[in-house]
Protein chains: 4
Amino acid sequence: MSAATRVIGAQVKDESRIQERRAQIAEAAARVFRDKGFHTATIRDVAEAAGLTQGTLYNYIRSKDDILYLVHQDLTARYIADVEQAIAGMADPRARLRAALRAFARAMRERHGDIALIYQETHALGRESRRAVLAQTENFIARFAGLIEAARRDGMAMDGAPNLAADIVTFLPVMLSLRRWRLRHVDGPAAEEELVAFLLRGLGCPEEIIHGA
Amino acid sequence: MSAATRVIGAQVKDESRIQERRAQIAEAAARVFRDKGFHTATIRDVAEAAGLTQGTLYNYIRSKDDILYLVHQDLTARYIADVEQAIAGMADPRARLRAALRAFARAMRERHGDIALIYQETHALGRESRRAVLAQTENFIARFAGLIEAARRDGMAMDGAPNLAADIVTFLPVMLSLRRWRLRHVDGPAAEEELVAFLLRGLGCPEEIIHGA
Amino acid sequence: MSAATRVIGAQVKDESRIQERRAQIAEAAARVFRDKGFHTATIRDVAEAAGLTQGTLYNYIRSKDDILYLVHQDLTARYIADVEQAIAGMADPRARLRAALRAFARAMRERHGDIALIYQETHALGRESRRAVLAQTENFIARFAGLIEAARRDGMAMDGAPNLAADIVTFLPVMLSLRRWRLRHVDGPAAEEELVAFLLRGLGCPEEIIHGA
Amino acid sequence: MSAATRVIGAQVKDESRIQERRAQIAEAAARVFRDKGFHTATIRDVAEAAGLTQGTLYNYIRSKDDILYLVHQDLTARYIADVEQAIAGMADPRARLRAALRAFARAMRERHGDIALIYQETHALGRESRRAVLAQTENFIARFAGLIEAARRDGMAMDGAPNLAADIVTFLPVMLSLRRWRLRHVDGPAAEEELVAFLLRGLGCPEEIIHGA
DNA sequence: AATGAATGAGTGTTCATTCAT
DNA sequence: CATGAATGAACACTCATTCAT
């Protein structure tokens with residue numbers, strides 16, 4: 001398993017200030033990149049949106065790629081946190097899986113701009129940055145693999161997609177982001193529910209469990 | 001339903017030569033864009049790859065956006081053709097749906113570079129180009145909606161995902177392209193089969209039909 | 001006195017066809033240049049306006065400069081012809097001068113687009129073309145010098161501007177073209193009359209002659 | 001009366017530096033444009049002549065049109081200043097008018113390159129720039145209208161050219177610039193004097209005043 | 001640590017001119 | 001003689017990055 005983070009060089013020593021500023025930069029840059037796309041957006045745009053000057057910006061990052069990396073890390077962490085938060089404190093493996101799926105689907109719909117940004121611009125990352133971001137995503141997929149495995153061991157009959165289960169459940173909900181141009185006008189929560197049901201059924205889950213609370 | 005094509009201006013009159021050259025350009029540009037990404041690739045790169053001079057290139061297109069549009073149209077048409085070809089001459093609705101899914105999944109795996117390109121760069125298209133390309137995709141989704149409906153009417157019990165069925169079956173296989181960084185080393189045809197089975201099961205299809213020839 | 005014409009190379013032999021085509025080109029180019037300016041207009045624009053293809057155009061001229069030269073010759077010849085026509089058959093020297101001035105002022109107002117074009121783009125001509133065009137203009141100024149001299153000899157007291165008379169009378173009316181942005185809304189013929197009276201008075205012409213028919 | 005200035009965007013904040021640099025740019029660009037003409041001159045030429053890099057140039061202007069506008073404003077302001085300076089502190093209306101005419105004629109002769117540039121390239125200005133520059137010129141013409149009116153009220157009999165007087169006196173001296181190709185070899189001050197006398201006589205001014213100091 | 005002006009390589013696009021058919 | 005596709009040099013403009021203050 002490779003490291004899910006990458007070191008970013010800085011001109012400034014104060015570590016806590018670096019953390020603060022980088023969060024500020026990531027937040028602003030995400031906004032700008034969502035609006036204009038990574039390549040179209042300029043460093044000037046990002047600096048302005050973050051309330052910094054160009055020069056100051058470069059005290060906390062070394063290149064435009066660094067900014068894109070910060071954004072990826074940040075946005076990815078957000079939807080992961082959504083899922084973790086949803087299952088925190090839950091014990092029943094079946095309920096945990098179902099809750100995780102629901103939280104993930106919801107995040108994909110609500111954070112559609114962020115997700116679209118990730119899927120569109122990951123390829124624009126430099127080699128090292130991409131490696132780190134994909135490692136982060138891989139950990140997330142592994143997390144779901146664990147949840148599925150636990151549910152299976154718990155007696156939830158799920159023999160569907162023995163090899164791809166974790167991939168599938170972490171990919172299909174992305175549809176709510178990437179097909180937003182089609183789904184803009186459908187009922188959001190209903191779509192989430194339909195998707196989760198589809199996933200569970202595809203996994204081979206019995207009907208009476210699919211629709212539980 | 002809006003038009004799935006857009007007119008591209010040209011300086012050249014001979015229509016058949018335009019067709020020929022544009023195919024040549026689309027093919028070369030797809031290669032270049034897959035390698036470097038749309039924004040990083042230069043017009044010079046495309047011209048060179050197509051064996052044309054910059055000036056000649058601009059006799060057949062009017063802007064870089066035109067090239068991206070040509071590429072989108074071309075690549076989209078290819079996987080659509082794969083699917084159509086797979087079901088040509090088939091009569092049984094259930095078999096047609098299954099064959100269409102298999103062909104689509106296969107195309108997504110084999111044409112992974114093309115598909116990734118589409119998903120990454122559609123947002124870089126100009127307004128009109130994007131409209132046309134999405135209309136083309138929408139027609140494809142509608143095609144699957146028809147196939148599903150026919151199978152249902154034919155008695156294939158499929159009450160899963162009543163509203164999103166066509167979206168789901170045209171999106172999940174895209175995973176074979178966009179998750180290639182993870183799936184590079186799995187058995188391709190097996191993955192396709194697993195995916196198709198997952199989809200049919202999710203749609204509520206009985207097990208004995210899922211695994212038919 | 002240097003030649004008021006310049007030879008333009010051609011790929012075509014038939015002299016009468018050359019004359020014909022070049023007239024056609026000059027007329028079309030004048031239209032295009034008036035609309036867009038010489039530098040902004042393209043050879044394509046000119047060819048289209050003339051109903052020729054680019055290739056054919058180049059059978060009758062050798063460069064864009066040739067076209068500008070043709071236009072200058074043509075437009076200059078037109079206002080000169082206006083003046084000549086106005087005094088053709090007149091015998092009285094004072095009446096001839098007055099009629100020439102009136103015709104010239106009128107031409108400057110009515111052909112304002114042509115005149116503005118000449119004054120704006122003469123500097124864009126190549127060395128040889130400019131020389132020829134200025135020689136043509138110089139002949140015109142000399143013509144007026146002759147008219148003034150004749151009127152003086154005839155007893156019209158005109159001792160004003162002994163050295164610059166011909167320059168002045170051939171320049172001031174140009175105002176009706178170059179100040180069109182200000183004079184667009186004044187009464188045209190009245191302005192012409194006022195200008196001519198101003199010129200005659202400035203030349204020292206007695207009031208009773210200034211206002212003659 | 002519309003505004004005789006137009007705002008030019010800048011990437012730089014220090015206002016005094018902007019003033020300084022723009023003056024430097026206008027001066028250098030005027031030189032380059034006089035030599036090669038606006039369209040033939042490149043941004044590189046201008047930057048080089050101004051001792052700046054291309055990038056730096058664009059920190060102070062936004063487009064080539066901005067440069068042409070700066071040049072127009074600057075050159076127009078110069079000859080206007082010449083006239084104002086010549087009549088500063090003079091009280092007698094007739095003397096003021098005569099002095100203004102002499103100063104203007106002199107400026108037209110001495111600044112012939114600038115004036116020719118203005119007359120050749122005003123049409124190349126963008127809509128807004130042209131509007132501003134013509135407003136500036138219009139103010140100048142109105143200034144002369146005021147001087148003439150004052151002289152008339154003061155008893156200087158000047159009933160010639162009741163409607164066009166200000167236009168005429170601000171246009172005819174331009175001849176010293178635009179006909180320089182003919183007048184290069186005549187005595188400059190004598191030509192100015194002859195021109196001024198012609199104008200005053202044309203306005204209906206009595207001979208004894210025309211030749212005053 | 002913050003500022004913001006300077007840099008210059010690089011980009012999409014245009015167009016006068018040529019020339020094979 | 002007409003056609004119209006090919007050419008490629010050139011141009012205006014952008015922007016990530018640096019660095020003196």
[N] OP1/OP2 closer than 4.0 Å to side-chain N/O of [X]:
X	N	result
B:R21	F:dA6	yes
B:N59	F:dA5	no
B:Y60	F:dA5	no
A:T53	E:dT3	yes
B:R17	F:dA6	yes
D:T42	F:dC11	no
C:Y58	F:dA2	no

Worksheet item: Across all strands shown, which nucleotide pairs with E:dG8 by Watson-Crick or G-U wobble geometry, both distances under 3.5 Å?
Response: F:dC15
Worksheet item: In Watson-Crick or G-U wobble terms, both distances under 3.5 Å, what is the partner of F:dA20?
Response: E:dT3
Worksheet item: Within the structure shown, what part of the strands sits under 4.0 Å from D:A41 by heavy-atom distance: base, sugar-phosphate, or nothing?
Response: sugar-phosphate
Practice prompt. For D:I43, answer base if it contacts any base atom (sugar-phosphate contacts may also be present), sugar-phosphate if it contacts only those atoms, and nothing otherwise; contact means non-hydrogen atoms under 4.0 Å.
Written response: sugar-phosphate
Response to the item:
Of B:L52 and C:L52, the one whose closest nucleotide on DNA chain F sits nearer the 5' end is C:L52
Worksheet item: Start at the 5' end of DNA chain F and walk down; is the nucleotide closest to D:K64 or to C:D14 reached first?
Response: C:D14
Are [X] and [Y] within salt-bridge range, i.e. N to O under 4.0 Å?
X	Y	answer
C:E48	C:R44	no
D:D74	D:R22	no
C:R131	C:E128	yes

Fill in: C:V12 side chain, from C-beta outward: closest of F:dC1, F:dA12, E:dT11
F:dC1
Item to complete: Looking only at side-chain atoms of C:T56, point me to the closest of F:dT3, E:dA1, F:dA6.
Response: F:dT3
[X] has an atom [atom1]; how far is it from atom [atom2] of [N], in whole Å?
X	N	atom1	atom2	value
B:F38	E:dG12	CZ	P	8 Å
D:R44	E:dA9	CZ	P	9 Å
B:L57	F:dA9	CG	P	17 Å
D:Q54	F:dC15	CD	C1'	13 Å
A:I61	F:dC15	CD1	P	16 Å
D:K13	E:dA6	NZ	P	14 Å
D:I67	F:dA12	CD1	P	9 Å
C:D66	E:dT18	CG	C1'	16 Å

Worksheet item: Distance-only, no hydrogens or angles: does the C:Q120 side chain make a donor-acceptor pair with backbone N or O of D:Q120 under 3.5 Å?
Response: no
Fill in: Polar side-chain atom of C:Q136 near backbone of C:A4 as donor-acceptor pair, under 3.5 Å
no
Worksheet entry | Residue met sooner reading DNA chain E from 5', once A:G55 and B:S63 are mapped to nucleotides | A:G55
Item to complete: Give the C-alpha distance, both sets of side-chain angles, the deciding distance and a yes or no for side chain to side chain donor-acceptor pair (under 3.5 Å) between A:N59 and A:T56.
Response: CA-CA 5 Å; A:N59 281 337; A:T56 303; 5.0 Å; no
Worksheet item: Is there a donor and acceptor pair, one atom on the side chain of C:Q11 and one on the base of F:dC1, closer than 3.5 Å?
Response: no
